[in-house]
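A quick write-up on the structure given underneath.
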Amino acid sequence: FSNQTRAESYLETKKSGYLTMQSYSSQGKLVRNGEKNKLVICIEGNIASGKTTCLEYFSKTSNIEVLTEPVSKWRNVRGHNPLGLMYQDPTRWGITLQTYIQLTMLDQHLSTTSAPIRMMERSIYGAKYIFVENLYRSGKMPEVDFAVLSEWFEWITQNIAIPVDLIVYLQSSPQICHERLKERCREEEKIIPLEYLEAIHQLYEDWLIKKTSFNIPAPVLVISADDDLQKMIHQFEENREKILSGRNV
Ligand SMILES: Nc1ncnc2c1ncn2[C@@H]1O[C@H](COP(=O)(O)OP(=O)(O)O)[C@@H](O)[C@H]1O
Ligand SMILES: Nc1ccn([C@H]2C[C@H](O)[C@@H](COP(=O)(O)O)O2)c(=O)n1
């Protein structure tokens, strides 16, 4: 057997109905069943930049399936709250939260949809390139934890096709995010200082604007997100065509 034939026959026997090896994946990666021609748009941005609000707005459009980040899972996995634990003690619990986030984001990327357009809040890429990177660079994630998470990430992205057609970057100032975060009043986030949002902002800018840090899996459409809700809706409408066609031109 060649590698591909062996994998095909194994998966055929397993009949997972979830992932299959198919010839159209030129790199021989595992691909989602029946999702080949569907558009995937990921909304990226700082904490409280307005991603969920944006997704809620577009969820009213027919033919779009919206997937918000599964924050409720991150706050309650079998009675544990890894999000809260991470904010209390990032060095101890950063790896726990980020391992679980990586799993839940992968699950979202691979879930099947009936709609032709899927709009997701962040991505497995943003989770790694922004949040894991921030924990590591700020000295709050031990090298061994970062190495193990990186090995997992590289295995996943090298062996499973995780297509993204367009990244919409909600570019916001950290100060505005901090104000919105305080208004939202999520219990675990009450201790987040402005400096944390500034660090996340810088990583996003390096990744999606300066394009100097990591691979960008799709073209980027930048939307300025500091405006009030009325103006944001206007911007969403102005960019509707581009967003829903998965192109930034
Ligand atoms: N353009 C806006 N102007 C003022 N408040 C906003 C705006 N967009 C969102 N908010 C509010 O800010 C908070 C964070 O928004 P949210 O959409 O949950 O952000 P994210 O999903 O990026 O964390 C929420 O309380 C939301 O109602
Ligand atoms: N990889 C990630 C993703 C998110 N978080 C944290 C940041 C927030 O406290 C919360 C939800 O994010 P939001 O949707 O409000 O931007 O989860 C993280 O620590 N790591």
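Given the structure is predicted, the values throughout are model-derived calculations rather than measurements.
- How far NZ of Lys182 is from SG of Cys177: 12.0 Å, rounded to the nearest 0.5 Å.
- Note that CD1 of Ile192 and CZ of Arg186 are 8.5 Å apart. Values are rounded to the nearest 0.5 Å.
- Remark: side-chain polar atoms of Thr61 are not paired, donor with acceptor, to backbone N or O of Ile64 under 3.5 angstrom.
- Between the side chain of Gln98 and the main chain of Trp93, no donor-acceptor pair closer than 3.5 Å is present.
- The cluster map of Ile, Leu, Val, Met, Phe, Trp and Tyr, joined by side-chain heavy atoms under 4.5 Å apart, puts Ile176 and Ile200 in different clusters.
- Inspection of the Thr99 and Trp152 side chains reveals no N or O donor paired with an N or O acceptor under 3.5 Å.
- Panel note: side chain His109, backbone Pro163; no donor-acceptor pair is recorded below 3.5 Å.
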Go through the steps for Leu170 and Cys54 under the test side chain to side chain contact (heavy atoms under 4.5 Å, CB included), then give the verdict. CA-CA 9 Å; Leu170 296 185; Cys54 171; 4.1 Å; yes
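- In this structure, Lys51 does not pair ionically with Glu44, as no charged nitrogen and carboxylate oxygen lie closer than 4.0 Å.
- When only modelled atom types and interatomic distance are considered, Ser172 and Asp226 share no side-chain donor-acceptor pair under 3.5 Å.
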Kindly indicate, with the supporting measurements, whether the criterion salt bridge (Lys or Arg N to Asp or Glu O under 4.0 Å) is fulfilled by Glu241 and Arg247. CA-CA 8 Å; Glu241 280 279 301; Arg247 279 176 283 151; over 6 Å; no
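- Checking Arg118 against Ser111 by side-chain atom types alone, a donor-acceptor pair falls below 3.5 Å.
- Centroid-to-centroid, the aromatic rings of Tyr129 and Phe153 come within less than 6.0 Å.
- Note on Phe236 and Leu229: separate hydrophobic clusters, where clusters join Ile, Leu, Val, Met, Phe, Trp and Tyr whose side-chain heavy atoms are under 4.5 Å apart, directly or indirectly.
- Within the model, atoms CG of Leu103 and CD1 of Ile101 stand 11.0 Å from one another, a figure rounded to the nearest 0.5 Å.
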Hey, mind stepping through Glu205 and Tyr169 against side chain to side chain contact (heavy atoms under 4.5 Å, CB included) and telling me if it holds? CA-CA 10 Å; Glu205 293 286 299; Tyr169 174 37; 2.7 Å; yes
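- Checked by atom type, the side-chain pair Lys29/Thr157 shows no donor-acceptor distance below 3.5 Å.
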Please walk me through it: do Met120 and Glu69 pass side chain to side chain contact (heavy atoms under 4.5 Å, CB included)? CA-CA 8 Å; Met120 278 181 67; Glu69 276 180 323; over 6 Å; no
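- Ser114 and Glu65 share no side-chain donor-acceptor pair at under 3.5 Å.
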Going through the distances and angles, do Glu133 and Phe214 end up as a side chain to side chain contact (heavy atoms under 4.5 Å, CB included)? CA-CA 11 Å; Glu133 189 67 20; Phe214 301 104; 3.4 Å; yes
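- The residues Glu237 and Arg240 are annotated as salt-bridged, a charged nitrogen and a carboxylate oxygen being separated by less than 4.0 angstrom.
- Taking the six-membered ring where tryptophan is involved, the planes of Phe146 and Tyr136 are essentially parallel, since the angle between them stays under 30° and well short of 60°.
- The distance from the OH atom of Tyr204 to the CD1 atom of Ile167 is 9.0 Å, given to the nearest 0.5 Å.
- With rounding to the nearest 0.5 Å, the separation of CG in Leu55 from OG1 in Thr68 is 7.0 Å.
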